[in-house]
Amino acid sequence: MSYVKPSIPKGTRDFVPEEFARRKYIFNTIENEFKKYGYKPLETPSMEFLSTLTGKYGDEGDKLIFKILNSGDYLSEVSDEELTNKDLKSLTSRICEKALRYDLTVPFARFVVQHYNELTFPFKRYQMQPVWRADRPQKGRYREFYQCDIDVIGSTSLLNEAELIKISDGIFQKLHINVTIKLNNRKILNGIAEVLGENEKFTDITVALDKLDKVGWEIVHSELIAKGIKPCAVEKIALLVKMSESPTALTEIAEFVKDSEIGRQGIEELRTVIELTSKMNVKSQICFDVLLARGLNYYTGTIFEIAAKDVQMGSISGGGRYDDLTGIFGLDNMSGVGISYGADRIYDVMQMLGVFPESLNCFTQVLFLNFGDREVQYILFLAEALRKKGISTEIFPDNAKMKKQMSYADKNKIPFVIIAGENEIQNNVFTLKNMTTGTQQELSFEAVLNIFN
RNA sequence: GUGGAUGUAGCUCAGUAGGUUAGAGCAUCAGAUUGUGGUUCUGAGGGUCGUGGGUUCGAGCCCCAUCUUCCACCCCA
């Protein structure tokens, strides 16, 4: 008989009960914080039309979208000519009309436009669902992973930005992760490009600068030259890099872009956001970083990125303001701002830091040992009474050896075991054993219930 | 998509220069202990050495391909 070796696709994972509990803890913490600020839940389907997703994430992003083959005879409409030409772009659009979502923001934009008439603006929503990327997996990078997004759309107020920072701060405080919240504004970057006289090379410059801390100035320098940036502009960029490390970076950059209208606007916005958060009792470190660019090309204003301080891991959170994401679906003047938390990376970080509460390993509170049919009759009422009080209670299903049953309790980290055999029935009591201390006592029905108050 | 490493029991790994029946620890199961787990002792089960080819009298070890996982780049959560 032949069988397939059980395995799952690259970059996907099973979550065992203990992992699930820890993940749930992260989701709950995040969700509670979202709710506090009046964000409402939303879920969208795993798949969207491929046309909804393509063109939103840049060329690199488009390549990473998982496509879904049409059902049925999906080649019947395709001509032999198209097949032999092997033009992937036109061919995939013919045989794949659906794709797995790549993030939660674009489906959200689609949702807002589609349900425009039913929504009240500003609309605040949160969404915690898996997304899929055909990336090559590595540390902190999966092909299926969960994002927790909040967005507010239909408001240009910078109070939203400040609130998102405060929410992030609250979440990471609760999860015991020390973070740096990096802040920048796309308008400042636009202003810089304008001042440099390199408007059309804007993306090239920001992308090159974004990896400065990783690869160093030498490599960034040669990349800028290679992209055809004028030498005098490259010199100014070098100056900019120096400024970025200065404690008075904001003032210096403000001076640098003072001749650019949009640049000044960016500085103004950034100052407002920082001013607002300063009154919100934010504990995490907030820092302005001109070099922060972020790839997703729909951002137009504030951009955020959050990284854990004490461990080596890519950013665990990122987001920004987008002025025209709904435009592509036919709805203009709908500015939004949002941030996305990567649950899986947060999990990895917490695991490395060892900051998960110990209590998450405990599922069942009480285990009744099983000594046979008559004894089970005797414990049924107590088990029911405990469950009624909300205590997770198990009755061992088989009349197995006591050693096996005790061992089951031990392995499952069940803190209490109730032993009720012939002796207990005769005296109308229950023996309650505390598995942590190893002590046990005989108690009446009511006395047991009182212990679990 | 580019470059580099990796793959031996459920897990972590040994495996000497290619040579008979591939090992250990942990985990699992059973017993020591017929109403007491976590410690200890004894024993047992479990591997077509990632997969497919090739070289060789002979391959876990050498060669090729392929897949997996990991790391860096690209990009990102």
Side-chain angles (χ1 to χ4, degrees), chain A residues 2 4-13 16 26 30 57-65 88 102-105 128-149 168 203 206-208 210-211 214-215 219 223 292-297 299 303-308 312-319 338-349 367 369-372 375 396 399-426 431-440 442:
Chain A
S2 83
V4 280
K5 191 180 176 184
S7 65
I8 53 176
K10 190 196 277 204
T12 64
R13 294 150 300 156
V16 301
I26 293 173
I30 292 175
Y57 309 108
D59 287 344
E60 287 301 319
D62 283 357
K63 281 186 212 155
L64 301 181
I65 296 172
L88 285 185
Y102 178 90
D103 71 356
L104 301 177
T105 308
M128 309 198 293
Q129 289 187 277
V131 303
W132 294 269
R133 295 185 189 176
D135 226 343
R136 185 174 291 197
Q138 51 178 277
K139 193 182 193 71
R141 175 174 300 192
Y142 307 97
R143 288 186 145 181
E144 177 183 60
F145 62 98
Y146 280 71
Q147 291 193 329
C148 307
D149 268 39
S168 306
T203 317
T206 54
V207 167
D210 195 47
K211 52 187 149 179
K214 245 183 195 168
V215 298
I219 293 173
E223 186 170 329
L292 176 64
R294 298 196 53 75
L296 295 172
N297 54 14
Y299 293 126
I303 43 185
F304 322 95
E305 195 162 285
I306 301 179
Q312 189 66 38
M313 175 64 72
S315 61
I316 53 179
S317 186
I339 189 161
S340 175
Y341 303 88
D344 308 81
R345 283 190 181 174
I346 291 173
Y347 181 97
D348 291 345
V349 166
L367 174 74
L369 298 199
N370 185 326
F371 290 96
E375 288 83 350
F396 200 87
N399 180 10
K401 281 192 182 134
M402 202 166 167
K403 181 187 166 82
K404 182 172 169 64
Q405 301 193 42
M406 290 299 287
S407 171
Y408 176 86
D410 189 54
K411 295 272 160 54
N412 286 292
K413 299 192 165 62
I414 299 173
F416 293 99
V417 166
I418 292 180
I419 303 161
E422 218 173 305
N423 303 342
E424 282 82 0
I425 294 177
Q426 237 158 46
T431 299
L432 178 74
K433 172 157 180 157
N434 181 325
M435 294 296 279
T436 324
T437 61
T439 57
Q440 61 188 54
E442 288 190 357

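Protein chains get the first letters and strands the later ones, always in sequence-line order, with residue 1 at the start of each.
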What is the distance, rounded to the nearest whole Å, between atom [atom1] of [X] and atom [atom2] of [N]?
X        : N      : atom1 : atom2 : result
A:Gln147 : B:rC76 : CD    : P     : 12 Å
A:Asn412 : B:rA27 : CG    : C1'   : 15 Å
A:Lys10  : B:rG50 : NZ    : P     : 19 Å
A:Asp135 : B:rC71 : CG    : C1'   : 14 Å
A:Asp348 : B:rA77 : CG    : C1'   : 11 Å
A:Met313 : B:rA72 : CE    : P     : 10 Å
A:Tyr57  : B:rC74 : OH    : C1'   : 19 Å

Tell me yes or no: between the side chains of [X] and [Y], is some donor less than 3.5 Å from an acceptor?
X        : Y        : answer
A:Asp149 : A:Tyr341 : no
A:Thr431 : A:Gln440 : no
A:Asn434 : A:Thr439 : no

Does [N] have a Watson-Crick or wobble partner in any strand here, with both distances under 3.5 angstrom, and which is it?
N      : answer
B:rA5  : B:rU69
B:rG10 : B:rC26
B:rG31 : B:rC41

Exercise for review: Using only heavy-atom distances, decide whether a donor-acceptor pair under 3.5 angstrom links the side-chain of A:Arg141 to the base of B:rA77.
Suggested key: no

Revision key, fill the gap. Against the side chain of A:Arg136, the closest entry in B:rC74, B:rG3, B:rU68 is B:rG3

Revision key, fill the gap. Against the side chain of A:Pro137, the closest entry in B:rC75, B:rC70, B:rU68 is B:rC70

Exercise for review: For B:rA5 and B:rC41, measure between their P atoms and round to the nearest Å.
Suggested key: 43 Å

Point to revise | Pairwise P distance for B:rA22 and B:rG46, with rounding to whole Å | key: 13 Å

Review point. Salt bridge (Lys or Arg N to Asp or Glu O under 4.0 Å) between A:Asp344 and A:Arg141: does it pass, once the steps are laid out?
Key: CA-CA 9 Å; A:Asp344 308 81; A:Arg141 175 174 300 192; over 6 Å; no

N/O contacts under 3.5 Å, protein versus nucleotides 34-37 of chain B?
{"unit_1": "B:rG35", "atom_1": "O6", "unit_2": "A:Glu422", "atom_2": "N", "d": "3.4"}
{"unit_1": "B:rG35", "atom_1": "O6", "unit_2": "A:Asn423", "atom_2": "N", "d": "2.9"}
{"unit_1": "B:rG35", "atom_1": "O6", "unit_2": "A:Asn423", "atom_2": "ND2", "d": "3.1"}
{"unit_1": "B:rG35", "atom_1": "O6", "unit_2": "A:Glu424", "atom_2": "OE1", "d": "3.2"}
{"unit_1": "B:rG35", "atom_1": "N1", "unit_2": "A:Glu424", "atom_2": "OE1", "d": "2.8"}
{"unit_1": "B:rG35", "atom_1": "N1", "unit_2": "A:Glu424", "atom_2": "OE2", "d": "3.1"}
{"unit_1": "B:rG35", "atom_1": "N2", "unit_2": "A:Glu424", "atom_2": "OE2", "d": "2.8"}
{"unit_1": "B:rU36", "atom_1": "O2", "unit_2": "A:Lys433", "atom_2": "NZ", "d": "3.0"}
{"unit_1": "B:rU36", "atom_1": "N3", "unit_2": "A:Gln440", "atom_2": "OE1", "d": "2.9"}
{"unit_1": "B:rU36", "atom_1": "N3", "unit_2": "A:Gln440", "atom_2": "NE2", "d": "3.3"}
{"unit_1": "B:rU36", "atom_1": "O4", "unit_2": "A:Gln440", "atom_2": "NE2", "d": "2.6"}
{"unit_1": "B:rG37", "atom_1": "O2'", "unit_2": "A:Asp410", "atom_2": "OD2", "d": "3.3"}
{"unit_1": "B:rG37", "atom_1": "N7", "unit_2": "A:Lys433", "atom_2": "NZ", "d": "3.4"}
{"unit_1": "B:rG37", "atom_1": "N1", "unit_2": "A:Met435", "atom_2": "O", "d": "2.8"}
{"unit_1": "B:rG37", "atom_1": "N2", "unit_2": "A:Asp410", "atom_2": "OD1", "d": "3.1"}
{"unit_1": "B:rG37", "atom_1": "N2", "unit_2": "A:Met435", "atom_2": "O", "d": "2.8"}
{"unit_1": "B:rG37", "atom_1": "N3", "unit_2": "A:Asp410", "atom_2": "OD1", "d": "3.4"}

Check your understanding: Considering residues, nucleotides and ligands other than A:Glu422, do more than 12 of their heavy atoms fall under 6.0 Å from its CD?
Key -> no

**Study point:** Face-on cation placement of A:Arg133 at A:Tyr102 ring, 6.0 Å and 45° thresholds
**Key:** yes

Practice item. Identify whether any heavy atom of A:Gly319 sits under 4.0 Å from a base atom; if not, whether one sits that close to sugar-phosphate; answer base, sugar-phosphate or nothing. Key: nothing

Review point. What heavy-atom pair brings A:Pro137 and A:Gly11 nearest, and what distance separates the two atoms?
Key: CG-CA, 3.8 Å

